[in-house]
Colleague: 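My questions will all concern the structure given below.
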Amino acid sequence: MTEAQKTTAHGPRLRIWKAAPALYKGMSAFQQATAEGLEHSLAELVKIRASQLNKCAFCLDMHFADARKAGESQLRLDLIGAWEEAGDLFSEREQAALALTESVTLLTEGFVPDPVWERAAAHFDEAELAQLLGQIVVINSWNRFMVATRAVPRSLEQ
């Protein structure tokens, strides 16, 4: 048994995009719509942080690779899980986006606190804030599809 087979022995449960191609098309359109007006690097940080919180190996594999291809530093990728402790490695704007990402992703812990929202609103105009919220919602949706179906990370496929 290969290392990939050991790691992925639990899945996939369902090849959801083959079973429901219109669903994939809709999710892809939603993803594309949320990408307008935000820096690509910021969007990747949001996707990675939400995927970490949701424990989505498929999405982490994809978005770490995408971020590296786009020139993101390995140090920032290594420390994104501890962004609050990383000093000025992440800009105030990025920190505000990451705080909002965590609050929206972890809704079971309560509502998005006003200070978190206000911090984001101080760094993003209304249109950008709407796009950022869309990015957070869509990656959480992707995470839930991929975790529920136990999608195999592309790097582990044979």
Side-chain angles (χ1 to χ4, degrees), residues 11 14 16-17 20-155:
L14 171 69
I16 193 166
W17 311 127
L23 180 60
Y24 179 76
K25 185 177 178 181
M27 283 294 297
S28 295
F30 182 24
Q31 174 67 50
Q32 191 169 21
T34 68
E36 302 295 321
L38 289 179
E39 317 80 292
H40 179 71
S41 60
L42 178 75
E44 289 303 327
L45 294 176
V46 164
K47 292 172 192 175
I48 290 167
R49 188 63 189 127
S51 298
Q52 287 174 327
L53 295 169
N54 289 321
K55 301 176 184 163
C56 183
F58 181 91
C59 294
L60 283 167
D61 178 58
M62 176 190 300
H63 294 297
F64 272 121
D66 289 349
R68 283 187 202 99
K69 284 180 197 168
E72 188 59 71
S73 78
Q74 190 60 50
L75 178 61
R76 284 169 42 99
L77 294 176
D78 290 344
L79 295 180
I80 191 171
W83 63 269
E84 290 176 292
E85 300 296 322
D88 62 358
L89 189 60
F90 297 95
S91 71
E92 287 292 324
R93 180 176 166 92
E94 290 168 335
Q95 290 179 37
L98 291 168
L100 186 62
T101 299
E102 290 181 0
S103 290
V104 172
T105 300
L106 301 172
L107 283 176
T108 56
E109 295 180 9
F111 296 105
V112 174
D114 289 339
V116 170
W117 184 266
E118 291 162 4
R119 181 180 185 186
H123 293 280
F124 296 88
D125 65 30
E126 282 191 356
E128 291 172 325
L129 193 53
Q131 293 303 117
L132 175 59
L133 186 56
Q135 278 283 315
I136 297 166
V137 169
V138 77
I139 190 58
N140 273 279
S141 296
W142 285 117
N143 290 163
R144 281 152 175 77
F145 279 122
M146 305 319 261
V147 170
T149 62
R150 292 188 171 167
V152 176
R154 289 182 181 154
S155 295

Colleague: Residues two or more places apart in sequence or in another chain: which of them pass side chain to side chain donor-acceptor pair (under 3.5 Å) with T34?
Modeller: Q135
Colleague: Roughly how far, to the nearest 0.5 Å, is the CG atom of L89 from the CG atom of L79?
Modeller: 6.0 Å
Colleague: Output a table of donor-acceptor pairs, distance under 3.5 Å, between side-chain atoms of residues 24-32 and any protein atom two or more places apart or on a different chain; print 'none' if there are none.
Modeller:
from, atom 1, to, atom 2, distance (Å)
S28, OG, Y24, O, 3.0
Q31, OE1, W142, NE1, 3.2

Colleague: I need the N54 CG to S141 OG distance, nearest 0.5 Å.
Modeller: 10.0 Å
Colleague: Heavy atoms only: give me the nearest A97-I136 pair and the separation to one decimal.
Modeller: O-CD1, 4.5 Å
Colleague: For a side chain to side chain contact (heavy atoms under 4.5 Å, CB included) check, start with the C-alpha distance between R119 and Q95, then their side-chain angles and the critical distance, and finish with the verdict.
Modeller: CA-CA 9 Å; R119 181 180 185 186; Q95 290 179 37; 3.1 Å; yes
Colleague: Show the nearest heavy-atom pair for residues L23 and W17, with the distance to one decimal.
Modeller: CG-CZ3, 3.9 Å
Colleague: What's the shortest heavy-atom distance between G37 and E128, and which atoms?
Modeller: O-CG, 4.1 Å
Colleague: Does Q74 have any side chain to side chain donor-acceptor pair (under 3.5 Å) partners at least two apart in sequence or in another chain, and if so, which?
Modeller: R68, D78
Colleague: Roughly how far, to the nearest 0.5 Å, is CD of Q52 from NE2 of H63?
Modeller: 12.0 Å
Colleague: Could you measure the distance from the CZ atom of R144 to the CD1 atom of I139? Nearest 0.5 Å is fine.
Modeller: 10.0 Å
Colleague: Looking only at heavy atoms, what is the nearest atom pair of A120 and A96, with distance?
Modeller: CA-CB, 3.9 Å
Colleague: Just how far is it from atom CG of L42 to atom CG of L132, taken to the nearest 0.5 Å?
Modeller: 6.0 Å
Colleague: Suppose the criterion is side chain to side chain donor-acceptor pair (under 3.5 Å): which pairs have a residue in residues 99-114, not counting sequence neighbours?
Modeller: R49-E102, W83-E102, T105-N140
Colleague: Any non-hydrogen side-chain atom of L129 less than 4.5 Å from a side-chain atom of L100?
Modeller: yes
Colleague: Who are the side chain to side chain donor-acceptor pair (under 3.5 Å) partners of T149, not counting sequence neighbours?
Modeller: none
Colleague: Evaluate whether atom CG of D88 has more than 12 neighbouring non-hydrogen atoms of other residues, nucleotides or ligands under 6.0 angstrom away.
Modeller: no
Colleague: Got a sec, which residues hit side chain to side chain donor-acceptor pair (under 3.5 Å) with E72, two or more places apart in sequence or on another chain?
Modeller: R76
Colleague: Determine the minimum heavy-atom distance between I16 and F145, stating which atoms define it.
Modeller: CD1-CD2, 3.4 Å
Colleague: What is the distance from atom CG of D61 to atom CE of M146, rounded to the nearest 0.5 Å?
Modeller: 10.5 Å
